[in-house]
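Below is one structure, written out as C-alpha cells; the observations come after it.
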Amino acid sequence: MPVLYDRLLKLKEMFNSKFGSTPKFYVRAPGRVNIIGEHIDYCGYSVLPMAVEQDMLIAVEPVETHTLQLANTNPLYPDFSTSANNIHIDKTKPVWHNYFLCGFKGIQEHFGLSKLTGMNCLVDGNIPPGSGLSSSSALVCCAGLVTLTVLGMSLSKVELAEICAKSERYIGTEGGGMDQSISFLAEEGTAKLIEFSPLRATDVKLPSGAVFVIANSCVEMNKAATSHFNLRVMECRLAAKVLAKHKGLQWDKVLRLEEVQTQLGISLEEMLLVTEDALHAEPYSREEICKCLGISVEELRTQILSPNTQDELTFKLYQRAKHVYSEAARVLQFKQVCEEAPANAVQLLGELMNQSHRSCRDMYECSCPELDQLVDICRKFGARGSRLTGAGWGGCTVSIVPTDMLPSFLTNVHAAYYQRSSSRLALEKHSLFATKPGGGALVFLEA
C-alpha cells in the first residue's frame with residue numbers, strides 16, 4: 001500500500017492549503033471491473049465483478065457550521081458549497097459534486113435526520129472518469145461512508161451498499177446495485193458473485209494461470225447524461241411485462257425479467273425459448289405494447305415509462321430479453337468453471353467473455369466501433385477472451401490473458417491501439433493495466 005500512503009500524505013497537504021486545517025479521517029472506496037454479467041443487475045440477475053486498485057479517496061474534517069464544502073484535487077472539477085440541511089440534486093446536470101450529494105442524502109434520509117453537521121471534504125480519484133470502471137458509484141459510496149462516519153453511526157456493509165445503490169438514483173440513473181455492492185463487499189484476492197434480493201456476495205476464485213487486463217477505449221461515456229442506459233432499463237421492464245402477460249402472469253406487478261423466470265419456475269435456457277416464442281425481433285411501437293398489455297398510450301407513458309423515456313416511440317424487447325437471459329446463464333457457467341477448475345479453464349472462461357461481448361454488441365447494442373476494434377486487437381495479441389465492461393458506449397474492455405503472455409500482450413496492444421493516436425497516447429498511462437481483485441471501502445483515521 002505504499003502508493004496509497006503517498007496519496008494520503010499528498011491529500012493531507014492539499015487539504016491543509018485548501019481549508020487551513022487537518023483532516024480528521026479519510027475514506028476510500030474502490031472502482032470495479034465487471035468480469036461478466038453486463039446490464040443484468042437491474043433485471044434482478046447475479047453479476048461477477050471484482051474491485052480494482054483504482055479508487056476514490058476523501059479527506060474529511062467535520063465542522064461546527066452546517067455548511068458542506070466540497071473540493072477536488074482535479075482542477076477540472078470546481079469547488080462546491082451548500083447547506084448540509086438543504087440538499088438539492090439537479091438531475092439535469094450530472095456534475096461531480098452531485099454524486100457526493102447522493103451518498104450524503106442517502107444516509108441522511110435513512111436515519112431521518114434534519115439537522116446535520118457540516119464538513120470540509122477534499123476528493124481525490126484515480127479511476128478514469130467515463131471509463132466504465134464505476135468512478136461515479138465509488139464517489140457515492142465514499143460519500144455515504146464519510147457521512148456515516150461523521151455521524152458516528154454504524155451500518156453493515158450490505159445495508160450501506162443498498163442505501164448507496166438506492167441513493168444514486170437521485171441523479172437519474174436507474175442502476176441495479178452491482179457497483180455499490182462490490183465497492184463495499186469486495187475482498188482482496190477474490191472476485192465476487194453478487195446476488196440480489198436479498199443482497200449477498202460469494203467468493204469466486206479466479207484461475208491462477210491468467211490475469212485480467214483492462215484497456216480503456218478512451219471514448220468517454222457518461223451514463224447519467226444519456227438516455228441510452230435508461231432506455232435499456234425500460235426496454236427490459238417492458239419485455240418482462242409482455243412476457244408475463246403472454247404466460248398468464250400478473251404482468252402489472254412484474255418489473256424485472258428475473259421475476260418472470262422465478263414465477264414460471266423454469267431454467268434460463270427455457271426462458272430463452274419462451275422469449276423466442278413470445279416476442280418478435282422487429283421493434284415494438286408504443287401502440288403495439290399497449291395492445292399487448294390492454295392499456296392506453298397515456299397509461300403506458302405515465303404509469304410505466306420513466307420521465308426520461310416517455311417520448312420514446314419504439315422499443316426493442318426481443319433483443320434485450322435475449323441478451324439478459326443468455327448473459328445471466330453465462331455468469332453461472334463462469335462461476336462453475338472457476339469452481340471446477342478444469343485444465344482448459346482459461347480457454348472456457350475466455351469463450352464465455354467473447355460470447356458476452358457479441359451479445360452486448362448485437363443484442364443489447366451497447367458497444368461502439370472503438371470498443372469492437374479494441375476487443376479484436378486484444379484477442380489478436382493473446383487474450384483468450386475480451387469484452388466491453390461497464391455500461392458500454394465507450395469506456396473499457398476487460399480481457400483474460402495467460403500470465404506468461406502478459407508482457408508481449410501489453411506491448412502489442414499499446415502499439416496497435418494507443419500509439420496510433422496522440423489523444424489515446426496521452427491517456428495511455430491510466431488506460432492499459434493488469435489488475436488483481438482488490439479490497440472494499442475503508443475508513444482511515446488520522447494518526
Side-chain angles (χ1 to χ4, degrees), residues 28-42 45-55 127 131-135 137-138 141 157-158 161 165 175-196 198-215 327-342 344-357 360 378 383-391 395-403 406 433-442:
R28 171 192 183 268
R32 62 97 191 98
V33 59
N34 190 21
I35 300 171
I36 196 159
E38 218 58 75
H39 285 284
I40 63 173
D41 57 338
Y42 54 77
Y45 282 110
S46 308
V47 289
L48 214 153
M50 66 181 182
V52 292
E53 289 149 24
Q54 285 78 356
D55 58 27
I127 309 167
S131 62
L133 300 180
S134 205
S135 57
S137 296
C141 292
K157 289 179 178 182
V158 166
M178 163 181 56
D179 301 349
Q180 301 82 2
S181 302
I182 191 68
S183 198
F184 284 114
L185 302 173
E187 291 178 81
E188 216 163 306
T190 179
K192 294 277 183 180
L193 180 80
I194 307 276
E195 298 169 87
F196 303 97
L199 178 61
R200 56 196 184 279
T202 311
D203 290 357
V204 177
K205 191 173 177 345
L206 299 169
S208 55
V211 288
F212 287 89
V213 178
I214 293 168
E327 186 77 347
R330 282 187 284 273
V331 170
L332 300 180
Q333 289 164 347
F334 196 100
K335 178 176 181 270
Q336 190 178 358
V337 171
C338 288
E339 283 170 351
E340 293 172 359
N344 63 340
V346 174
Q347 198 66 41
L348 294 173
L349 297 178
E351 185 43 49
L352 288 168
M353 291 171 73
N354 291 337
Q355 288 170 18
S356 172
H357 184 77
C360 285
C378 289
R384 296 296 179 256
S386 187
R387 59 180 292 277
L388 67 82
T389 185
C396 289
T397 62
V398 59
S399 303
I400 186 169
V401 180
T403 311
L406 180 63
F433 53 90
T435 189
K436 296 186 187 82
L442 290 171

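Numbers here are sequence positions counted from 1. Any value given below was found using the heavy atoms of this structure, including those in side chains, with hydrogens, waters and symmetry copies removed.
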_Spacing of Arg28 atom CZ and Leu442 atom CG [to the nearest 0.5 Å]_ = 6.5 Å
*asked:* Nearest 0.5 angstrom please: Ile182 CD1 to Asp41 CG, how far?
replied: 12.0 Å
*Inter-residue atom distance Thr190.OG1 - Leu206.CG, 0.5 Å rounding*: 6.5 Å
*Say whether, by atom type as modelled, one donor and one acceptor occur between the side chain of Thr397 and the main chain of Leu388 under 3.5 angstrom.*
no
*Can you measure from CD (Gln54) to CZ (Phe433) and round to the nearest 0.5 angstrom?*
4.0 Å
*asked:* Could you check whether any side-chain N or O of Thr403 sits under 3.5 Å from a backbone N or O of Ala210, counting only pairs where one atom can act as donor and the other as acceptor?
replied: yes
*Taking the side chain as C-beta and beyond, is there a heavy-atom pair between Cys378 and Val213 under 4.5 Å?*
no
_Nearest heavy-atom neighbours spanning Gly37 and Arg387_ = N-NH2, 4.2 Å
_Under a 4.0 Å threshold between the charged nitrogen and the carboxylate oxygen, would Lys192 count as salt-bridged to Glu187?_
yes
*Do Glu53 and Thr435 have side chains that get closer than 4.5 Å, going by heavy atoms?*
yes
_Close side-chain approach of Glu327 to Glu38, heavy-atom, < 4.5 Å_ = yes
*asked:* Strictly distance-based, threshold 3.5 Å: is any side-chain N or O of Arg200 a donor or acceptor partner for the main-chain N or O of Pro198?
replied: yes
*How many angstroms lie between atom CD of Gln180 and atom OG of Ser137, to the nearest 0.5 angstrom?*
4.0 Å
_Taking every non-hydrogen atom, the tightest pair across Arg384 and Gln347_ = CD-OE1, 3.2 Å
*Locate the shortest heavy-atom distance separating Gly177 from Phe196; write the atom from each residue and the value.*
C-CE2, 3.8 Å
*Ser134 and Ile127: which non-hydrogen atoms are nearest, and at how many Å?*
O-CD1, 4.4 Å
*For the side chain to side chain contact (heavy atoms under 4.5 Å, CB included) test, which of Ile40, Val47, Val204 pairs with Val331?*
Ile40
*Compare all side-chain heavy atoms of Val52 with those of Pro30 and state whether any distance is below 4.5 angstrom.*
no
_Has Asn354 got a side-chain atom pairing as donor or acceptor with Ser386's backbone, closer than 3.5 angstrom?_
yes
*Pairwise distance CD1(Ile35) to CZ(Phe212) - rounded to 0.5 angstrom*: 4.5 Å
*Quick one: does Ser183's side chain get under 4.5 Å of Arg32's, heavy atoms only?*
no
*Which heavy atom in Ser181 sits nearest to a heavy atom in Ala161, and how many Å separate them?*
CA-CB, 3.8 Å
*Side-chain H-bond candidate by donor/acceptor type, Arg330 with Ser356, under 3.5 Å*: no
_Please check this pair: side chain of Glu195 against backbone of Ala201, looking for a donor-acceptor N/O pair closer than 3.5 Å._
no
*Starting from the C-alpha separation in whole Å, work towards a yes-or-no answer on side-chain contact (heavy atoms from CB on, under 4.5 Å) for Cys396 and Val33.*
CA-CA 9 Å; Cys396 289; Val33 59; over 6 Å; no
*Heavy atoms, side chains only, cut-off 4.5 Å: are Gln333 and Ile36 in contact?*
no
*Okay, side chain of Thr389, backbone of Asn34: is any donor-acceptor separation there less than 3.5 Å?*
yes
